[in-house]
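Both counts, for ligands and for their atoms, begin at 1 and track the order of listing. Counting begins at 1 with the first residue of the sequence.
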Amino acid sequence: MRLRTLRDLPVQGRRVLLRADFNVPLQDGHVADDTRIRATLPTIQWLRDQGARVIACSHLGRPKGKVDERLRLAPVAERLSQLLGVSVRYAHDIVGPEAHALARELGDGDVGLLENLRFDPREEQNDPEFAAELAALADCYVNDAFGAAHRAHASVVGVAQRLPSAAGFLLEREVTALSRVLEANDHPFVVVLGGAKISDKIGVIKQLLQRADAILLGGGMANTFLKAAGYQVGRSLVEDDHLDTASSLREQAAARGVQLLLPRDVVVAPSLDDSAHRAVVSVDAVPADAAIFDIGPETVAAFAAVIQPAALVVWNGPLGVYENPAFREGTRGVAQAIAACQGYTVVGGGDSAAALQELGLADSVDHLSTGGGATLEFLEGKQLPGIQVLMEHDA
Ligand code: ADP
Ligand code: MG
């Protein structure tokens with residue numbers, strides 16, 4: 001099986017419906033962070049250079065199937081116009097008269113934008129009629145919205161089934177990078193996992209356990225592993241209903257000869273707001289009235305030593321409550337080790353990506369995945385509907 005890409009799709013003089021991920025934060029009627037818009041510019045530019053007529057579409061926020069004035073895509077059209085240096089025509093509807101006029105009147109190399117797809121309840125239902133109405137606007141379809149690829153929605157799946165279709169450059173890059181992690185032929189392969197909860201990451205741990213040489217655990221989820229291993233974790237975030245899961249994952253790692261490292265020292269405090277009373281303690285000395293909010297410096301050093309010689313590193317989940325500068329050092333130390341690693345480095349997950357941006361290290365890794373849920377589902381080994389539909393089946 002092979003992903004159909006832009007190079008497979010003749011687009012000159014044709015109307016191309018481009019599903020993008022323009023789900024950007026807005027502030028006072030303007031785009032507050034245009035990272036996601038920039039991410040899809042190479043695809044848009046390529047389409048324009050080929051003489052395609054680009055009809056872009058996206059969802060924004062959760063309007064729940066109704067028009068929400070605050071979630072119109074006008075600010076996106078404005079920002080996209082600035083970034084492209086050409087005027088982007090904006091339709092105030094999705095499949096209505098304005099959208100049809102736009103589709104009819106765009107010239108070769110022009111770009112238009114439809115209204116927020118989720119204003120229509122049929123989008124999230126993958127309604128066949130809605131998919132057909134979207135398909136009627138264009139001659140072919142390109143998906144560059146990796147962040148929505150795990151959703152079987154009309155603009156992701158239904159329309160791709162009705163038009164000649166292909167992945168855009170961003171989607172292609174995501175599939176290439178994340179497939180390299182799943183297939184993991186590079187060793188040593190080191191997996192770094194943090195984040196709040198073990199329950200969100202069980203599928204990912206199980207999947208990556210099959211090929212990893214080492215798994216380094218931090219963040220809130222490490223607390224459950226520590227408790228399962230017999231440590232007292234005080235008032236730390238723990239999932240008591242997953243103590244058995246933690247033990248079982250440890251046994252699976254041991255059986256496969258995978259090195260599974262837990263924190264040795266941690267940063268504790270009486271509460272998140274009381275960071276003035278924080279302290280670094282050994283994991284066997286966590287006070288009963290304190291909680292773990294970060295990994296300690298000894299742990300950072302131990303993790304960095306494993307990361308340094310790795311050929312492949314994948315990281316998901318902050319190692320501590322990085323939102324609070326008092327508990328950011330563990331995440332910073334590990335992020336710096338990953339940035340310095342000579343191997344192929346991949347970072348995924350909404351908060352992990354945000355942490356990396358915040359630390360100014362986003363450009364120091366080989367691949368920073370743009371998907372939150374989509375990245376995790378991909379790493380679990382699940383087939384994502386938006387990608388499946390773009391696969392060429394070998395005859
Ligand atoms: P991602 O979005 O990268 O997949 P998650 O959503 O799983 O990451 O986890 C991120 C959250 O985990 C952050 O909000 C962070 O504050 C929290 N977290 C990390 N370490 C701890 C901890 N020790 N205790 C409580 N929460 C933690
Ligand atoms: Mg998150």
Is there a side-chain contact between [X] and [Y] (heavy atoms, below 4.5 Å)?
| X | Y | answer |
| --- | --- | --- |
| Val191 | Val258 | no |
| Ser165 | Val389 | no |
| Leu384 | His150 | yes |
| Leu170 | Arg173 | yes |
| Leu216 | Val190 | yes |

What residue and atom, counting heavy atoms only, is the protein's closest point to [atom], and at what distance?
| atom | value |
| --- | --- |
| atom 1 (P) of ligand 1 | Asp351 N, 3.6 Å |
| atom 27 (C) of ligand 1 | Val321 CG2, 3.6 Å |
| atom 21 (C) of ligand 1 | Gly220 N, 3.2 Å |
| atom 18 (N) of ligand 1 | Gly320 O, 3.9 Å |
| atom 15 (C) of ligand 1 | Glu323 OE1, 3.5 Å |
| atom 11 (C) of ligand 1 | Ala196 N, 3.9 Å |

Got a sec: is Asp351 within less than 2.8 Å of the Mg ion (ligand 2) via an N/O/S atom?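 Yes - counting backbone and side chain alike, Asp351 has an N, O or S atom under 2.8 Å.
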For the residue pair Phe169 and Trp46, categorise the inter-ring angle as parallel (less than 30°), tilted (30 to 60°) or perpendicular (more than 60°).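 It falls in the perpendicular class, over 60°.
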Under 30°, 30 to 60°, or over 60°: which ring-plane class applies to His92 and Tyr90, parallel, tilted or perpendicular?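 Tilted: the ring planes of His92 and Tyr90 meet at 30° to 60°.
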Enumerated ligand 1 atoms positioned under 4.0 Å from heavy atoms of [X]:
| X | result |
| --- | --- |
| Gly219 | 20 (N), 21 (C), 23 (N) |
| Phe293 | 23 (N) |
| Gly317 | 3 (O), 8 (O) |

Side chain or backbone of Leu237 under 4.0 Å from ligand 1, or both, or neither, by non-hydrogen atoms?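 The side chain, only.
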Measuring from atom 23 (N) of ligand 1, which candidate in Val347, Ile292, Val204, Asn316 has the nearest non-hydrogen atom? Ile292
For ligand 1, is Pro318 a contact, meaning one of its heavy atoms is under 4.0 Å away? yes
Could you check whether Arg180 makes a cation-pi contact with Tyr344, meaning its NZ or CZ is under 6.0 Å from the centre of the six-membered ring and within 45° of the ring axis? yes
Given 3.5 Å as the limit, does a donor-acceptor pair link the side chain of Asp186 with the main chain of Ala311, or not?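 No.
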If you compare all heavy atoms of Ala196 against all heavy atoms of Leu237, which two are closest, and at what distance to 0.1 Å?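 Residues Ala196 and Leu237, closest heavy atoms: O-CD2, 3.4 Å.
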State whether the shortest distance between N or O atoms of Lys201 and N or O atoms of ligand 1 falls below 3.5 angstrom.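 In this structure, Lys201 places an N or O atom under 3.5 Å from an N or O of ligand 1.
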Would you say Ser352 and ligand 1 have an N/O pair spaced under 3.5 Å apart?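 Indeed, backbone or side chain, Ser352 has an N or O that close.
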